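A note on names: the letters A, B, ... follow the listed sequences, proteins ahead of strands, and every chain is numbered from 1. We use all heavy atoms of the structure for the numbers below, so side chains are in, but hydrogens, waters and symmetry mates are not. Just so we're clear, the structure is a prediction, and the values are computed from it rather than from any experiment.
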2 protein chains.
Amino acid sequence: MSSLASLKPLEDTTIRGRTVDQLRRLVVTGELAAGMRLTETELACALGISRGPLREAIRELVDIGLLVSKPYKGLFVREITRKDLEEIYSLRTMLEKFAFQEAWDKRTPEALEDLNSRNERLITTIGTGSDPFGPIEAELHLHSWCYELSGHSLLLQSWNRLKPNLQFYFAMHQQAHARQGPERKSHDLYIRLASGTDLEAMLDHLNDHMRQGLETTIGFINTA
Amino acid sequence: MSSLASLKPLEDTTIRGRTVDQLRRLVVTGELAAGMRLTETELACALGISRGPLREAIRELVDIGLLVSKPYKGLFVREITRKDLEEIYSLRTMLEKFAFQEAWDKRTPEALEDLNSRNERLITTIGTGSDPFGPIEAELHLHSWCYELSGHSLLLQSWNRLKPNLQFYFAMHQQAHARQGPERKSHDLYIRLASGTDLEAMLDHLNDHMRQGLETTIGFINTA
DNA sequence: GATTGTCGGATTGTCAACAATTCGGCTTTG
DNA sequence: CAAAGCCGAATTGTTGACAATCCGACAATC
């Protein structure tokens, strides 16, 4: 049983699946600069695939919001305005509060252990400065906890759609400020309240947590 | 200016766009029965198009949740379980409450007039029994008001993703019960509170409104 | 001088054929 | 008789070529 739990889902073998992953990575890491223009033919050539599966992959990223398609003009990497960011954060706040409400009574000891291990991983990852995007992923993985625990598949799906946009913005912000991502202490209270008995306090904290995240990162957006 | 405002966006000219529309219509009206098996080749043949654009259209509907794709086995029209329905309603309740919070201070006289006209249209549509799906669309159009008014594009997008699932279920339920869709009076209080000054009362009513909608329709689902 | 018409280049949209993968049942084997 | 291996049909995945569309700039016209 324990050996089965350590099994990781085998990597997507279809070209479309791999292309989605790769394009998403390229976008959220900023390797494809925001606003950059792409064309299907170029991309297909660069990736060494044909346009069929590429188009399907592109359409998925467009749907998520990472790419913007301007018909007959080209494909563009999304740019984030202040309004976009505010929308992302306000929707996220609401989703996460809902997730905690749904997950609250499902917090078994195992689940709380899982939460702690995610936090540990975040702390560890912040320590090692090798992969600059590791901490971002670790933080989002920590926050995914409540969504997964909620057992609400539609909610989890919404979160998974929102996540890449956050990832994208985090990386963009990190790059612009040359900073090392999330702080070590910023999630201590989050974990403590999430493990505690006061749901209302947790929900209140989420408002603060999110607002703080928004405010500390909103500075350098040009209010286009 | 007034003549320009009456212009409607010209219908999607791409095969993919039209296919998405048509497939969605077929699914939400129940013309393609829930659980029904489809194959790309069959569909492409029946629609008179090739598999390229069809695949892209399919993928969009799969993403929304109207179709489920079982690789190498076929494509299936989604089936709705009791849990699905509860998830749809709980998420919708949360989204709509949020929408009203965001839209509350934006309720201009014009906006309220718009709301009333949507309600009028719903009442009218219920009267004429020609198109059995008219009332469903009219009701969803009424509920779209708060999302559109909120100015929150991400929120509106979430609603637009959820909507077809509701539509699908409404039609399914209506067909099973041979009923004429929404009641005339069921939205009176909704409109009155939405036009009023007590946001809290509106939010409370949304809880009731949704729970009622869920309870009156949950009966015939086989709890698979 | 501003509006309308036209043309070339670029991009996306579409198609039909081909390749790869999977599943279910049958056979084989111990 | 149970379990593993194998085979063929069905389905999706992929490709490269072709067609339709759109944009921007330049020319023509009023």
Side-chain angles (χ1 to χ4, degrees), chain A residues 4 7-24 26-27 32-79, chain B residues 1 3-4 7-24 26-27 32-79:
Chain A
L4 264 69
L7 256 55
K8 294 182 180 171
L10 33 69
E11 52 187 288
D12 205 332
T13 178
T14 75
I15 292 190
R16 178 184 66 246
R18 286 192 307 245
T19 305
V20 168
D21 290 343
Q22 184 163 12
L23 282 183
R24 183 173 47 218
L26 289 174
V27 172
L32 296 174
M36 182 174 174
R37 178 171 173 275
L38 309 164
T39 61
E40 294 182 0
T41 317
E42 276 175 5
L43 264 181
C45 184
L47 292 169
I49 61 175
S50 80
R51 283 179 51 219
L54 174 63
R55 279 172 62 88
E56 295 181 16
I58 285 176
R59 215 143 278 285
E60 188 164 332
L61 294 183
V62 167
D63 199 49
I64 292 178
L66 255 37
L67 296 179
V68 184
S69 161
K70 299 187 182 178
Y72 298 102
K73 292 220 57 171
L75 196 69
F76 297 84
V77 181
R78 95 164 283 180
E79 301 188 84
Chain B
M1 195 62 171
S3 60
L4 264 68
L7 255 54
K8 294 180 181 174
L10 30 69
E11 55 187 285
D12 206 333
T13 177
T14 74
I15 291 188
R16 178 184 67 247
R18 287 192 306 246
T19 305
V20 168
D21 290 344
Q22 184 163 11
L23 280 182
R24 184 174 47 219
L26 288 174
V27 171
L32 296 174
M36 181 174 176
R37 178 170 171 278
L38 308 165
T39 61
E40 294 182 0
T41 317
E42 277 175 6
L43 265 181
C45 185
L47 293 169
I49 61 176
S50 81
R51 285 178 50 220
L54 174 63
R55 279 172 62 89
E56 296 181 17
I58 285 177
R59 212 142 282 285
E60 188 163 333
L61 294 183
V62 167
D63 199 50
I64 291 177
L66 255 37
L67 298 177
V68 289
S69 159
K70 300 187 181 178
Y72 299 102
K73 293 218 59 172
L75 196 69
F76 298 84
V77 181
R78 94 164 282 180
E79 301 188 85

Every protein N/O within reach of nucleotides 12-21 of chain C N/O, cut-off under 3.5 Å:
| residue | atom | partner | partner atom | Å |
| --- | --- | --- | --- | --- |
| C:dT12 | OP2 | A:Glu40 | N | 3.3 |
| C:dG13 | OP2 | A:Arg55 | NH1 | 2.7 |
| C:dG13 | OP2 | A:Arg55 | NH2 | 3.0 |
| C:dG13 | N7 | A:Arg51 | NH2 | 2.9 |
| C:dG13 | O6 | A:Arg51 | NH1 | 2.9 |
| C:dT14 | OP1 | B:Ile15 | N | 2.4 |
| C:dC15 | OP2 | B:Ser50 | N | 3.1 |
| C:dC15 | OP2 | B:Ser50 | OG | 3.1 |
| C:dC15 | O5' | B:Ser50 | OG | 3.4 |

Q.
I'd like to know if B:Asp21 pairs up with B:Arg18 as an ion pair, taking the criterion as any Lys NZ or Arg NE/NH1/NH2 lying under 4.0 Å from an Asp or Glu carboxylate oxygen.
A. no
Q: Starting at CG of A:Leu67, measure out to CZ of A:Arg78 and round the result to the nearest 0.5 Å.
A: 10.0 Å
Q | Residue list, side-chain contact (heavy atoms from CB on, under 4.5 Å) with A:Glu60, at least two apart or on another chain | A | A:Val20
Q.
Once rounded to the nearest 0.5 Å, what's the spacing between atom CZ of B:Arg55 and atom OG of B:Ser50?
A. 11.0 Å
Q) Which pairs with one or both residues in residues 66-77 of chain A pass salt bridge (charged side-chain N to carboxylate O under 4.0 Å, His left out), sequence neighbours excluded? A) none
Q) Would you say the side chain of B:Ile58 lies within less than 4.5 Å of the side chain of B:Glu40, judging by non-hydrogen atoms? A) yes
Q: Check salt bridge (charged side-chain N to carboxylate O under 4.0 Å, His left out) between B:Asp63 and all other residues, then give those that pass, not counting sequence neighbours.
A: A:Arg161, B:Arg161
Q.
Reading DNA chain D from 5' to 3', where do the contacts with chain A start and stop? Cut-off is 4.0 Å to heavy atoms.
A. D:dG13 to D:dG24
Q) Under a 3.5 Å cut-off for both distances, is D:dC1 Watson-Crick or wobble paired, and to whom? A) C:dG30
Q) With sequence neighbours left out, what residues match A:Arg59 under side-chain contact (heavy atoms from CB on, under 4.5 Å)? A) B:Arg16, B:Glu56
